[in-house]
Amino acid sequence: MSRDRVELIVDDQAFEVEAGTPLKALGITPPPDAVAFTLNGRVYDFQQGIRDSGRVAWLTFREHAGREVFRHSSAHLLAQAVKRLWPEAQLGTGPATEEGFYYDILLPRPLGESELSSVEEEMRRIVQEDLAIERLELSREDAMALFRDRGEGLKLDIIARIPDGTTISAYRQGEFVDLCTGPHLPSTGRIRALKLTGVSGAYWRGDEANPMLTRIYGTSYPSQEELDAHLYRIEEAKRRDHRRLGPALGLFSFREEAPGFTFWHPKGQRLYRTLEEFSRRLQEPRGYQEVATPWIYRVGLWKQSGHWDHYRENMFVIEREDETLGVKPMNCPGHCLLFQSEVRSYRDLPIRYAEYSPLSRFERSGTLHGLMRVRGLHQDDAHLFVREDQIGEEMQGVLDLVDHVYRTFGMPYEVVLSTRPEDYMGALELWERAESALREVLERRGLPYQINPGDGAFYGPKLDFYAVDALGRRWQCATAQLDFQLPVQFDLTYVDRDGQAKRPVMIHRAIMGSLERFIGILVEHYGGDFPLWLAPIQVRVIPVADAQIPYAERVATSLGSAGIRAEVDRKNQKLGYKVREAEVDKIPVVLVVGRRDEEQGTVSVRMRPEGDLGAHPWPDYLEVLRVKAAMPV
RNA sequence: GCUAGCGUAGCUCAGUCGGCAGAGCAGCGGUUUCGUAAACCGCAGGUCGUGGGUUCGAACCCCACCGCUAGCUCCA
């Protein structure tokens, strides 16, 4: 077969055609739900010239790559509608996202969310018109001329950056043309269900120095049912939003007097302390030693650690008596000073310092977000000082902890290795050693991982762990970072077997990460329905009538003595009312006590989500609860 | 910080054209003492985010600031 011929297998039918022939020229009718196809791992639409031999695999909306084609064409649809409404608008870029698509557009005037419905209407009209989507291939000159004529200044900017020798393509549907590599749907009529979901600003090319364009977000599906299901998922996420649930459950609140800082209410503080206790009970048997170090240091320390150069923008800085002081955003420098306080032997290592004290980070006002992004936080933080030969074993220990914790909360997790950033500190050779050490740890464990190039900390590469919650969303929580720089900055040493001073390696690690953020995630993951061991109020005792209040109080007291967090509902209300309130408050266990219970020495158990479990002898049932409520360490 | 939007009772929300500040839930007081998701009656609750301006008169129109929301940028 000559180089300019390709052999294709389509639905078990073989074709041999000239290279560059599009699929639609073969006279084949693709399956009705096919949006594109793959060939040798490359996605093609039906109009792109084929340059590879192989078997054609149809792509539908069900495949990730198919969805991307579908949403990308939806973005073009959006752009076309906007251009019909505002012909002087200039198009930026409009890609598909995980959940939908957006288009960045330079508009003659700001667009409010209320105006989206008219854009949406125009989009539906174009879907009705069922315009064929046509691929054009152009020379650079023709492309420049075409988009100059159409007043698309931003597109000229893009064309200018396309390297020589690349085919420049555009897609036309009706009167609309967009510069685009494709692939795309065959026609606009395929997009049966769509919704525009919001507008926001976005810098051209993502650079703060560039002008801001209007970004219009939307999503689309092949059918209304699928769109409705998507909108329902969004509603569900809103229902679970920790910023709504947290205050409603009496866990925490925010006040404008202290933006980015949390008011922990009694129940929230209990939850918080339970998590902290959970962390201690896991770490102490694993050789961690809890410490507490200062939270304000002279600027010299921050200069020494490198934070002054790399992290100052995120620090609270205080000027007093001609001196500059910085409130700590991290514990690592303090732990280095602690390590320095004594002469260390190789026999002392590894040393594992754990600390839960408050950290302050100046986050820019626009980035604050409930508990997920705050200025005042606490981490289940630790720094391990290890010999180089201990790195593997210690990292394995960290991974064990991560695994235990995320398993406990029923969250699968994904691992990402982040490598050397541009503003890195230290010698290249150390970085390479650190990065390959991390790779080896993961591979020995057989953990699949992704690589995020250039996303490491300024002092070392890191492993980030993304927990996946009940709604399938990913949250970055745990992190484990190798650090060869800070021991150099602080001139940390230990005396080795041969009497020589050696440099330890530091491992920075947090398992839950920021406890604030972790609680935010747990609230949404469980929808406020915490497992028994974690629930702030584990048991509510409800007397059927006032006459049973003393009995209810005796029950609650014995629960308390057994270490179970219990309260009595003394409200003058009917039982049904108090049961409902307990359900709304998401109390995991309700013990109803009426006259029958008092006479027979029982409690009537009601548990979430099962409901009424009938009468059980008391205090025998206390032991059942004690076992169920035990912390899973 | 930037773009757009929002801010009325503890919560959810109504408030017409610029003309006396409203409801439900929660709270409090009473009646009721009740067996598994809302008893009944009553009471109280407001600097309409803050400050300025326009107007005879501003929750409503204008300006500035604060906070929040969706994103952007940032995120050890």
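A, B, ... follow the sequence lines: proteins, then strands. Residue 1 opens every chain.
The distance from atom NZ of A/Lys571 to atom P of B/U36 is 19 Å, rounded to the nearest whole Å. Summarising the geometry, the separation between CD on A/Glu98 and P on B/G71 is reported as 14 Å, rounded to the nearest angstrom. Taking atom CG of residue A/Asp585 and atom P of nucleotide B/A38, one finds them 15 Å apart after rounding to whole Å. Summarising the geometry, the separation between CZ on A/Phe101 and C1' on B/G71 is reported as 16 Å, rounded to the nearest angstrom. In this entry the distance linking CE of A/Met212 with C1' of B/U73 reads 8 Å, nearest Å. The CG-P distance, from A/Asp612 to B/A37, rounds to 8 Å in whole Å. For A/Leu116 and B/A4, the CG to C1' distance is 11 Å, given to the nearest whole Å. Atom CG of A/Leu377 and atom P of B/C75 are 16 Å apart (whole Å).
B/G42 and B/A37 have their P atoms separated by 28 Å, with the value rounded to a whole Å. Going from the P atom of B/G10 to that of B/C48 covers 13 Å, rounded to whole Å. Comparing the C1' positions of B/A39 and B/G46 gives an interatomic distance of 30 Å, to the nearest angstrom. B/U69 and B/C60 have their C1' atoms separated by 22 Å, with the value rounded to a whole Å. The same atom, C1', is picked in B/G29 and in B/G22; the two are 23 Å apart, to the nearest Å. Nucleotides B/A58 and B/G52 have their P atoms positioned 13 Å apart, rounded to a whole Å. Going from the P atom of B/G51 to that of B/A9 covers 16 Å, rounded to whole Å. Between B/C6 and B/C65, the distance separating the two C1' atoms is 16 Å to the nearest Å.
Distance from the side chain of A/Arg608 is smallest for B/A37 among the nucleotides B/A37, B/G35, B/G7. Ranking B/U36, B/U33, B/G35 by closeness to the A/Ala545 side chain, first place goes to B/U33. Checking B/C68, B/U36, B/A70 against the side-chain heavy atoms of A/Leu575 singles out B/U36 as nearest. Checking B/G35, B/U36, B/A70 against every side-chain atom of A/Arg243, the shortest atom distance belongs to B/A70. Distance from the side chain of A/Arg364 is smallest for B/U73 among the nucleotides B/A37, B/U73, B/G35. Minimum atom distance to the side chain of A/Ser200 is reached by B/A70, of the listed B/U36, B/A70, B/A39. Distances from the side chain of A/Tyr577 to the nucleotides B/A4, B/G27, B/U73 place B/G27 closest.
Across the strands present, B/G35 finds no partner; the criterion is a Watson-Crick or G-U wobble pair with both atom distances under 3.5 angstrom. Base pairing annotation: B/C43 forms a Watson-Crick or G-U wobble pair with B/G27, both donor-acceptor distances under 3.5 Å. Across all strands shown, B/G71 forms a Watson-Crick or G-U wobble pair with B/C2, both key distances being under 3.5 Å. Of all nucleotides present, none satisfies the Watson-Crick or G-U wobble test against B/G18 with each distance under 3.5 Å. The partner of B/A64 is B/U50, by the rule that a Watson-Crick or G-U pair needs both atom distances under 3.5 Å.
Across all strands, A/Lys578 comes closer than 4.0 Å to no nucleic acid atom at all (heavy-atom distances). At a threshold of 4.0 angstrom between heavy atoms, the contacts of A/Thr479 with the nucleic acid are absent. Contacts of A/Gly370 with the nucleic acid, taken as non-hydrogen atoms under 4.0 Å apart, involve only primed sugar atoms and P, OP1 or OP2. Across all strands shown, A/Gly576 has heavy atoms under 4.0 Å from sugar-phosphate atoms exclusively, and none from any base. Residue contacts shown for A/Tyr311 include a base, since a base heavy atom lies under 4.0 Å away. Looking at heavy-atom distances under 4.0 Å, A/Gln476 makes no contact with the nucleic acid at all. At the heavy-atom level, A/Leu368 lies under 4.0 Å from the strands shown only through sugar-phosphate atoms. Base engagement by A/Gln379 is indicated by at least one non-hydrogen atom pair under 4.0 Å involving a base atom. Contacts of A/Arg255 with the nucleic acid, taken as non-hydrogen atoms under 4.0 Å apart, are absent. No contact: A/Phe254 has no heavy atom under 4.0 Å from any strand.
For the atom pair A/Ile537 CD1 and A/Leu249 CG, the distance stands at 11.5 Å (nearest 0.5 Å). Distance check, rounded to the nearest 0.5 Å: CZ of A/Arg161 to CD1 of A/Ile158 gives 9.0 Å. Going from atom CG of A/Leu384 over to atom CZ of A/Arg509 covers 6.5 Å, rounded to the nearest 0.5 Å.
A/Tyr102 carries A/Arg215 over the face of its six-membered ring, with the cationic atom under 6.0 Å from the centre and within 45° of the normal.
Each of A/Lys238, A/Arg233, A/Arg240 was evaluated against A/Glu236; a single residue qualifies, A/Arg240, per the side chain to side chain donor-acceptor pair (under 3.5 Å) test.
Taking side-chain N and O atoms only, A/Tyr217 has no distance below 4.0 Å to OP1 or OP2 of B/U3. Using a 4.0 Å cut-off, no side-chain N or O of A/Arg215 falls inside it from OP1 or OP2 of B/A4. An OP1 or OP2 oxygen of B/C68 is reached within less than 4.0 angstrom by no side-chain nitrogen or oxygen of A/His369. Checking the phosphate oxygens (OP1, OP2) of B/U12, no side-chain nitrogen or oxygen of A/Arg239 falls inside 4.0 Å.
A donor-acceptor contact under 3.5 Å links the side chain of A/Arg373 to the base of B/C74.
Between A/Gln481 and A/Arg205, the residue whose closest nucleotide on RNA chain B is further toward the 5' end is A/Arg205. Residues A/Leu213 and A/Asp464 each lie close to RNA chain B; by heavy-atom proximity, the contact nearer the 5' end of the strand is made by A/Leu213.
A/Tyr356 and A/Ser279 share a side-chain donor-acceptor pair at under 3.5 Å. For the residue pair A/Tyr459 and A/Gln481, a side-chain donor N or O sits within less than 3.5 Å of a side-chain acceptor on the partner.
Side-chain atoms of A/His242 come within 3.5 Å of backbone atoms of A/Leu371 as a donor-acceptor pair (strictly under, hydrogens ignored).
Between A/His616 and A/Tyr621, the angle of the ring planes lies from 30° to 60°, which puts this pair in the tilted group.
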